[in-house]
Amino acid sequence: MPQIAIAGAGPTGTTLALLLAQRGISVTLIEAANDFRRVFRGEGLMPSGLDALEQMGLFSLLNKVPHRQLDAWEITLGRKPLFRVAEPMEANAYPCTLVSQPPLLETLIAQARTYPEFNFIQGVPVKALLQDEERVTGVQLGDGREITAELVIGADGRNSVVRQRAGLKLDQQPKNWDVLWFKLADSARFVEDNVFHAVANGDRSFAIFHGAEEGKLHLAWLLSTDERAERQPEEWIECFASISPPWLAKHFYTHASTLERPIKLSVVVGCCPRWHCPGVLLLGDAAHPMAPIRAQGINVALRDVIVVANYLVPLFHRGAPHGEIDAVLSRIQAEREPEIFRAQKLQAEEGKQSEKLPKHPALRSLAIQVARLFRQQVRSSWVKRQREMRNGVTKVKLEV
């Protein structure tokens, strides 16, 4: 019988399973999908997430998978650059790094398989939770198998089956926008100087950068709730070009035929009032789905893993009773909540920045001129807002 069963083999579940197996704790990792090639997976590792991987002893694995460091961030307002900030932003800090998640997860699984304590079940979903009186004792899989465990961890994303079956509630924040995610052919300019460009004009904005995947630019268009998403490729090209600097508009027109059909990412942001019940703990997006701004989801989840390992490893090493295991679950939530709440607040503030430009053309033009006049102050304000989202709010240190 595994000591711990983890549902969801994303970054949260996979790194936690590996840490536990390395420390001699029997763990079964369960993944519903047959492979890791999902339509969309976040790629951005901030210094906080990279530091978490370093503490776990997994930083060197990045050299085995496709990844690219960002060289800078550039904000374009009214079709002209406003300011640029080089990476890394702080001395002796990691630069923001884009990593392809599918090969990273495959590499983590391969390393975990070297430990006899690790078991991986793929292509079979969790269907239900097993219970003995008031405590969860394992999971039932879609093929009828039952996996008993001393603790079930739900790391199965924002639509978590474990959360639903455990009757744990997700409090969602109001939704004002979604994201349309496009890909198109890359540009030599991005290959030579991998800059994350944030482009805004009026109430329209998008971000564009070269991802970890060779030959592809990623473009995230902020879609307001009342905006039409169904447009022909040529219409989208016109939208992008109309608010872009001339060099980027030219790239859109030249490579219009390479624009791929967009993926609509429905933004869900919130937090569970309780991340746990007897025998169950939620982590990552299952407990606190994040907005896509500054890739906080994967980074705070990796920090969740470190805190969980600190609490659970000593308990399982000495065979603690169920009551003692259940008692620390609230302490895990209490330690992680301040950072989650602060990161979500910072994301909301960052998302509202593009809304501050007046919609009236004359007033918008005046606001842009004022921003250019005080560009150094605007730049300093922007850098200050990024600091906590990049480095984390609380101190997280692996102690086991």
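Since the structure is predicted, the reported quantities are computational estimates derived from the model, not experimental observations. Nothing fancy with the numbering, it's 1 onward along the sequence.
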Next on the checklist: Ring centroids only, cut at 6.0 angstrom: are Trp236 and Trp221 within range, meaning strictly under it?
Outcome noted: yes

Checklist entry - Sequence neighbours excluded, which residues qualify as salt bridge (charged side-chain N to carboxylate O under 4.0 Å, His left out) partners of Arg342? => result Glu388

Next on the checklist: Which Ile, Leu, Val, Met, Phe, Trp or Tyr residues join Val195 in one cluster when any pair of side-chain heavy atoms under 4.5 Å counts as a link?
Outcome noted: none

Checklist entry - Hey, is CZ on Arg231 packed in by over 12 heavy atoms from elsewhere, all under 6.0 Å? => result yes

Checklist outcome for this item: For residues 313-328, the side chain to side chain donor-acceptor pair (under 3.5 Å) pairs (sequence neighbours left out) are Arg135-Asp326, Arg318-Glu324

Checklist entry - Sequence neighbours excluded, which residues qualify as ring pair (Phe, Tyr, Trp, His ring centres under 6.0 Å) partners of Phe341? => result none

Item to check | Any donor-acceptor pair under 3.5 Å from Gln386 side chain to Trp382 backbone | outcome: yes

Checklist outcome for this item: Closest heavy-atom pair, Asp156 versus Ser160, reported as atoms and distance to 0.1 Å, is OD1-OG, 2.6 Å

Checklist outcome for this item: On a heavy-atom basis, the closest approach of Leu105 and Pro11 is CD2-N, 3.6 Å

Checklist entry - How far apart are the C-alpha atoms of Phe206 and Phe182, what are their side-chain angles, what is the distance that settles it, and do they pass the ring pair (Phe, Tyr, Trp, His ring centres under 6.0 Å) test? => result CA-CA 10 Å; Phe206 67 85; Phe182 298 82; 9.3 Å; no

Next on the checklist: Checking Glu235 now: which residues fulfil salt bridge (charged side-chain N to carboxylate O under 4.0 Å, His left out) with it, not counting sequence neighbours?
Outcome noted: Arg228

What donor-acceptor contacts under 3.5 angstrom involve side-chain atoms of residues 115-131, with partners at least two apart or in another chain?
unit_1 : atom_1 : unit_2 : atom_2 : d
Gln122 : NE2    : Asn34  : O      : 3.2

Checklist outcome for this item: side-chain hydrogen bond (donor to acceptor under 3.5 Å, both in side chains) filter on Glu335, not counting sequence neighbours, yields Tyr311

Next on the checklist: If we ignore hydrogens and angles and just use 3.5 Å, is the side chain of Ser330 paired with the main-chain N or O of Ala327 as donor and acceptor?
Outcome noted: yes

Item to check | Side-chain hydrophobic cluster, 4.5 Å single linkage: members besides Leu346 | outcome: Met389

Next on the checklist: Do Met56 and Val305 make a side-chain contact, defined as non-hydrogen atoms from C-beta onward lying under 4.5 Å apart?
Outcome noted: yes

Next on the checklist: Counting C-beta onward and ignoring hydrogens, is there a side-chain heavy-atom pair between Val300 and Met290 closer than 4.5 Å?
Outcome noted: yes

Checklist outcome for this item: With sequence neighbours left out, the residues meeting salt bridge (charged side-chain N to carboxylate O under 4.0 Å, His left out) with Lys64 are none

Checklist entry - Which of these, Phe190, Phe83, Trp73, Phe209, sits in a ring-ring contact (aromatic ring centres under 6.0 Å, His included) with His197? => result Phe190

Checklist outcome for this item: All heavy atoms of Cys277 vs all of Ala166, minimum pair found to be SG-CB, 4.0 Å

Checklist entry - Are side-chain heavy atoms of Leu18 and Leu58 found at a separation under 4.5 Å? => result yes

Next on the checklist: Please list all pairs meeting side chain to side chain donor-acceptor pair (under 3.5 Å) that have one or both residues in residues 9-18, counting only residues at least two apart or in different chains.
Outcome noted: none

Next on the checklist: The criterion is side-chain hydrogen bond (donor to acceptor under 3.5 Å, both in side chains); which residues satisfy it with Glu213, sequence neighbours excluded?
Outcome noted: Lys183

Item to check | Within-4.5 Å side-chain heavy-atom neighbours: Val152 and Ile4 | outcome: no

Next on the checklist: Using the salt bridge (charged side-chain N to carboxylate O under 4.0 Å, His left out) criterion, which residues pair with Asp285? Sequence neighbours excluded.
Outcome noted: Arg158

